[in-house]
Protein chains: 2
Amino acid sequence: MVLDCLSDPIRLAIVYQLAQQEHVSNELCCGDFYSLAGKSNLAYHFAKLRECGLMLTRVAGTNRFMRLRREDLDARFPGLLDAVIKSASKDAERLLLSTESDVIEAG
Amino acid sequence: MVLDCLSDPIRLAIVYQLAQQEHVSNELCCGDFYSLAGKSNLAYHFAKLRECGLMLTRVAGTNRFMRLRREDLDARFPGLLDAVIKSASKDAERLLLSTESDVIEAG
DNA sequence: CCAATAGTTCAATAACCGTTGAACATAGGA
DNA sequence: TCCTATGTTCAACGGTTATTGAACTATTGG
């Protein structure tokens with residue numbers, strides 16, 4: 001289920017990161033997500049995301065380029081992806097603000 | 001997280017059932033969900049749904065009436081609830097069709 | 001007051017899921 | 001060819017979470 005897939009914070013972050021780059025290159029490779037988790041853990045999450053139809057992978061040399069399956073998703077679950085991404089961006093803002101204030105408190 | 005809460009099939013069914021009755025009574029009580037799970041299991045899921053702000057409970061005698069927190073949800077996660085419910089209704093249709101064909105196959 | 005109804009809480013079990021490291025496969029560059 | 005970089009697969013561990021039944025609370029009706 002797509003919701004189950006998006007309920008994991010790492011997978012949500014992957015989708016969010018992909019969505020943010022949609023107007024730039026549409027694609028990111030595994031290494032672009034090292035800040036989120038280790039390689040094998042990322043591969044696990046990529047598989048989950050592929051399974052439920054959220055993204056697909058293009059192999060190019062030693063790299064795998066991932067991109068969102070936006071058209072299919074918008075067709076099958078109208079508005080869901082945008083709603084999720086919008087919520088995630090709010091969370092990202094809140095997270096950014098809270099870590100900033102943490103730094104201030106810690107300093 | 002709201003998504004995590006909605007990723008459970010029983011909780012999604014509860015939310016979906018509540019949403020379908022929204023234009024009728026807005027409220028359902030625990031007993032209306034016995035087809036989904038046992039009482040104690042339902043109480044567990046109700047607590048989860050309350051925790052993440054998806055619904056709230058009104059006590060009236062021995063009954064607890066639940067309703068969706070639609071206004072708050074639409075404000076915090078615009079479009080999410082409707083998108084989820086729309087997807088769930090598609091799933092419900094598919095499920096209905098597949099069980100019908102199961103009956104035909106079984107007959 | 002007693003019995004029944006409606007639902008919660010608690011403890012225990014089982015299943016699932018995320019995380020990790022090691023081994024593996026594959027492609028590209030020296 | 002050998003070495004390195006990029007990812008995947010596998011097995012194992014640990015933690016979370018769903019499920020269940022029993023005990024409990026509280027309210028209604030006889």
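Each chain gets a letter, A, B and so on, in the order its sequence line appears, and its residues count up from 1.
Distances were taken from every side-chain heavy atom of S40(B) (C-beta onward) to each of dG21(C), dT9(C), dA6(C); the shortest belongs to dT9(C). Across dT8(D), dT8(C), dT20(D), the shortest atom-to-atom separation from the side chain of R64(A) is found for dT8(D). Checked against dT9(C), dT19(D), dT5(C), the side chain of N41(B) finds its nearest nucleotide in dT19(D).
In this structure, Y34(A) does not reach the dA5(D) phosphate: none of its side-chain N or O atoms is under 4.0 Å from OP1 or OP2. Phosphate contact (OP1/OP2 of dT17(D), side-chain N/O of H45(B), threshold under 4.0 Å): absent. Taking only side-chain nitrogens and oxygens, N63(A) never comes nearer than 4.0 Å to OP1 or OP2 of dA5(D). Of the side-chain N and O atoms in R50(A), one or more sit less than 4.0 angstrom from OP1 or OP2 of dT8(D).
M55(A) places its CE atom 11 Å from the P atom of dG7(D), with the value rounded to the nearest Å. In this entry the distance linking CG of L12(B) with P of dT17(D) reads 18 Å, nearest Å. Atom CD of E51(B) is separated from atom C1' of dT16(D) by 14 Å (rounded to the nearest Å). A straight line from CG of D8(B) to P of dA15(C) spans 17 Å, rounded to a whole angstrom. Note: NZ (K48(A)) to P (dC16(C)) measures 11 Å, nearest angstrom. Rounded to whole Å, the distance from CZ on F46(B) to C1' on dG7(C) is 9 Å. Straight-line distance from the CG atom of D32(A) to the C1' atom of dG7(D): 13 Å, rounded to whole Å. Atom C1' of nucleotide dC17(C) and atom CG of D4(B) are separated by 11 Å, given to the nearest angstrom.
Taking hydrophobic clusters as Ile, Leu, Val, Met, Phe, Trp and Tyr residues chained together by side-chain heavy-atom distances below 4.5 Å, Y16(A) shares a cluster with L49(A).
Contacts of G61(B) with the nucleic acid, taken as non-hydrogen atoms under 4.0 Å apart, involve only primed sugar atoms and P, OP1 or OP2. Heavy atoms of I10(A) sit under 4.0 angstrom from primed sugar atoms or phosphate atoms, though from no base atom.
Residues P78(B) and A83(A) share a closest heavy-atom pair of O-CB, 3.5 Å.
With Q17(A) contributing its side chain and D32(A) its backbone, the two residues share a donor-acceptor pair below 3.5 Å.
For dG7(D), the base has no donor-acceptor partner in the side chain of T62(A) [N/O atoms by modelled type, under 3.5 angstrom].
One finds a salt bridge joining R70(B) and D82(B) here, because a Lys/Arg side-chain nitrogen approaches an Asp/Glu carboxylate oxygen to under 4.0 Å.
Within a 6.0 Å sphere centred on CZ of R58(B), heavy atoms belonging to other residues, nucleotides or ligands number more than 12.
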